[in-house]
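What follows is a single structure, written as structure tokens, with notes after it.
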Amino acid sequence: MKINYNMSAKITNQQLLRTEDKMTAVMERLSSGFKLNHAKDNPSGMAISNKMILQIDGLSQSSKNASNGTSVMQTADGALSEVTDLIQRMRELSVQAASDSNTPDDRKAIQKEIDSLKQEVDRVSKDTEFNTKSLLDGSLGRRVYTTNATRVSVSGDVTAGNYSVTIDKAAEQAVMQADTAVFNDMTATVGVKGKITINDSIVNIEATDTYEEVFEKIRDGGEIGETIVKLDGDKLDFTSTAYGDTGMVKIEISDPALAGALGFAATEPAIAYGSNAEVDIHGAGSGFPDTATAELRGNRVIITDRDGFSISFLTDSGLADGSTVDLEVTDMGMMQLQIGPNENQTMRVDIPKMSAEMLYLDDLDVTTVTGADRGIRALDEALAQVSGIRASLGAYENRLDYTIGSLDATGENMTQALSRIKDADMAVEMTEYTQQNVLAQAATSVLAQANDLPQQVLQLLQ
């Protein structure tokens, strides 16, 4: 029997300490709910769980981003729905104006409403916003840098790169000039009564009219007849407002004497036509597919190919033959939505500018002789363009809906996997706690008895 070293107590105490350590660890797991509270608990599991937490948080935020993106699409689509209504109303007015039952004053009244509606289209384009970000002003459309062209529109199927179009022949307006210079004395009277018709726009001339008054009448009649009338020196000069083969100048004078007084040699109808641009899109380095084709409408060029490839632009006026239109199409400018937890997991959204100008409605004028008919055709094309953009927005929205579902499902599954790695099984831990608690009580009791062993030595010293 020994008194200096009570090995029984020492051994029992060590066991009690180990039991207390286990109880402390169990109690920490029970109180935190986590199986992993320190890196030492499971080093590899801790590393894996931390990466999974990053992914889960990223998935959650990406789902919110996609939801915000859906709201953007809905906002833009709602605005374009109003533009659709505006276009339909303008078309209705154009159909009304196309009937000859309307007087010129009636058509002017109709044009006032059309002008107001065009201004509303521009307002919607400018003021539609989401979180102070403009949606329809072109700031979220693909950036295209051009020379010698405006109103550039590219479809989403056009790959980024450089494209070049050679203008073999620029579009021309119809031009006609009187044969003789007679407007040298603007105060003199014309002396002849009759009619001059400019593209079906009838101008009545009185014998008592001065040449200044005659020019004013012809100028105003030419405006209705879609013709710009000016004096080239002392000769009447007529130029169609439209470029291309739709531009025409047709002059007919009712009386030979009036024809002579206005500087024309004959009364028979004289007709001049404009011409469309002629372009080459398959020259060296043009960048266009071999199967691409070009449609010419005056100085507007529309290049299309299979699979939705489309580039449209308006060439600048007065280009010399052989000039080039260069287009640098980029992937910049589009709205980028982060729809994944990792780098480059994005979705690009292209929302082009939707102004009256880009819809080719800015020159819609039903007061002219063919303005209503041309307006109906232009409004049909504008409606198709807006409908196409709305269809794209709907496709983006549907994709985002599926994206949200996928992100949420992935986040749920990853959270479940993280739970298996990190969460404590409370039933198991409680069983462990009960076991260690019993062992601690037993060890405490045994330690008390072990501490009493040296007291027995005193019996030997009595």
Side-chain angles (χ1 to χ4, degrees), residues 94 97-98 100 104 107-108 111 114 148-151 167-181 183 195-203 205 214-254 259 262-279 295-302 313-321 323 356-357 360-379 381:
S94 296
D100 283 341
R107 289 192 173 99
K108 288 179 181 179
Q111 183 62 36
I114 288 177
N148 298 328
T150 56
R151 305 194 194 189
I167 307 299
D168 293 333
K169 185 176 181 296
E172 294 181 351
Q173 299 163 287
V175 177
M176 183 183 296
Q177 193 173 68
D179 301 299
T180 308
F183 283 79
K195 297 178 180 179
I196 176 173
T197 303
I198 308 169
N199 288 347
D200 297 328
S201 174
I202 299 174
V203 179
I205 306 297
V214 168
F215 175 72
E216 184 177 344
K217 287 183 177 182
I218 294 176
R219 183 195 62 197
D220 294 342
E223 185 177 357
I224 297 175
E226 300 168 355
T227 303
I228 302 169
V229 181
K230 60 183 180 181
L231 290 175
D232 183 6
D234 296 328
K235 289 183 180 180
L236 285 173
D237 183 272
F238 302 84
T239 305
S240 64
T241 55
Y243 282 82
D245 55 12
T246 60
M248 179 182 72
V249 175
K250 179 182 177 182
I251 305 296
E252 185 176 6
I253 303 174
S254 62
L262 297 179
F264 287 88
T267 60
E268 291 80 7
I271 304 176
Y273 292 98
S275 60
N276 293 327
E278 297 177 8
V279 302
E295 177 186 355
L296 287 308
R297 301 180 185 177
N299 55 349
R300 184 181 178 187
V301 182
I302 304 172
F313 58 87
L314 199 66
T315 63
D316 292 342
S317 302
L319 291 179
D321 294 347
S323 300
E357 179 184 55
Y360 289 88
L361 300 178
D362 53 318
D363 60 350
L364 176 59
D365 186 354
V366 298
T367 63
T368 63
V369 289
T370 63
D373 291 335
R374 288 189 298 106
I376 292 172
R377 182 169 57 252
L379 287 162
E381 293 177 355

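Please read these numbers as outputs of a predicted model, since none were measured by experiment.
Expressed to the nearest 0.5 Å, how far CG of Asp220 lies from CD1 of Ile198 amounts to 10.0 Å. Between atom CZ of residue Arg151 and atom CG of residue Leu314 there is a gap of 5.5 Å, rounded to the nearest 0.5 Å. Between the CD1 atom of Ile205 and the OG atom of Ser254 there is a distance of 9.0 Å, given to the nearest 0.5 Å. Atom CD1 in Ile251 sits 7.5 Å away from atom CD1 in Ile253 (nearest 0.5 Å). How far CZ of Arg107 is from CD1 of Ile224: 9.5 Å, rounded to the nearest 0.5 Å. The distance from the CZ atom of Phe183 to the CG atom of Asp234 is 9.5 Å, given to the nearest 0.5 Å.
The shortest non-hydrogen separation linking Ala259 to Ala266 is CB-O, 3.9 Å. Residues Ala270 and Met176 share a closest heavy-atom pair of O-CE, 3.1 Å. For the pair Ala372 and Ser94, the tightest heavy-atom approach, listed with the atom from each and the gap, is CB-O, 3.5 Å. When all heavy atoms of Ala174 and Gly274 are compared, the closest pair comes out as CB-N, 3.5 Å. The two residues Gly247 and Ser240 come nearest to each other via the heavy atoms CA-OG, 3.8 Å. Looking at every heavy atom in both residues, Met248 comes nearest to Tyr273 through SD-CE2, 3.5 Å.
The backbone N or O of Gly244 sits nowhere less than 3.5 Å from a side-chain atom of Thr246 that would complete a donor-acceptor pair. A donor-acceptor contact shorter than 3.5 Å is absent between the side chain of Asn199 and the backbone of Val369. The backbone N or O of Gly221 sits less than 3.5 Å from a side-chain atom of Ser201, completing a donor-acceptor pair. Using modelled atom types, no side-chain atom of Glu172 and backbone atom of Tyr243 make a donor-acceptor pair closer than 3.5 Å. At distances below 3.5 Å, not a single donor-acceptor pair connects side-chain atoms of Asp179 with backbone N or O atoms of Phe264.
Using a 4.0 Å cut-off between a side-chain N of Lys or Arg and a carboxylate O of Asp or Glu, Arg297 and Glu381 qualify as a salt bridge. Salt-bridge annotation for Asp365 and Lys108: absent, with no side-chain N of the basic residue lying under 4.0 Å from a carboxylate O of the acidic one. Looking at Glu252 and Lys195, no side-chain N of the basic residue comes within less than 4.0 Å of a carboxylate O on the acidic one, giving no salt bridge.
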Item to complete: Dump the intermediate steps for side-chain contact (heavy atoms from CB on, under 4.5 Å) on Val175 and Phe238, then the final yes or no.
Response: CA-CA 6 Å; Val175 177; Phe238 302 84; over 6 Å; no

Practice prompt. Output, in order, the C-alpha distance, side-chain angles, deciding distance and verdict of side-chain contact (heavy atoms from CB on, under 4.5 Å) for Val279 and Leu296.
Written response: CA-CA 8 Å; Val279 302; Leu296 287 308; 4.1 Å; yes

Worksheet item: For Phe313 and Ile302, what are the C-alpha separation, side-chain angles and deciding distance, and is it a side-chain contact (heavy atoms from CB on, under 4.5 Å)?
Response: CA-CA 7 Å; Phe313 58 87; Ile302 304 172; over 6 Å; no

Worksheet entry | Steps toward side-chain contact (heavy atoms from CB on, under 4.5 Å) verdict (Val214, Leu262) | CA-CA 9 Å; Val214 168; Leu262 297 179; 3.7 Å; yes

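A side-chain N or O of Thr370 and one of Glu226 form a donor-acceptor pair less than 3.5 Å apart.
Side-chain contact between Thr241 and Thr227 is absent, with no heavy atoms from C-beta onward closer than 4.5 Å. Side-chain contact between Leu379 and Leu361: present, with at least one pair of heavy atoms (C-beta onward) separated by less than 4.5 Å. Counting only heavy atoms from C-beta outward, the side chains of Leu364 and Ile114 approach each other to under 4.5 Å. By the 4.5 Å heavy-atom criterion applied to side chains, Ile167 and Asp321 are not counted as neighbours.
Crowding of Lys169 atom NZ: a count of heavy atoms from other residues, nucleotides or ligands under 6.0 Å exceeding 12. Around the CD atom of Glu223, the shell of radius 6.0 Å holds no more than 12 heavy atoms that belong to other residues, nucleotides or ligands. Counting non-hydrogen atoms of other residues, nucleotides and ligands closer than 6.0 Å to OH of Tyr360 gives a total above 12.
Residues satisfying the side chain to side chain donor-acceptor pair (under 3.5 Å) test with Thr239, not counting sequence neighbours, are Asp237. Annotation: side chain to side chain donor-acceptor pair (under 3.5 Å) contacts of Asp245 (sequence neighbours excluded): Asn276.
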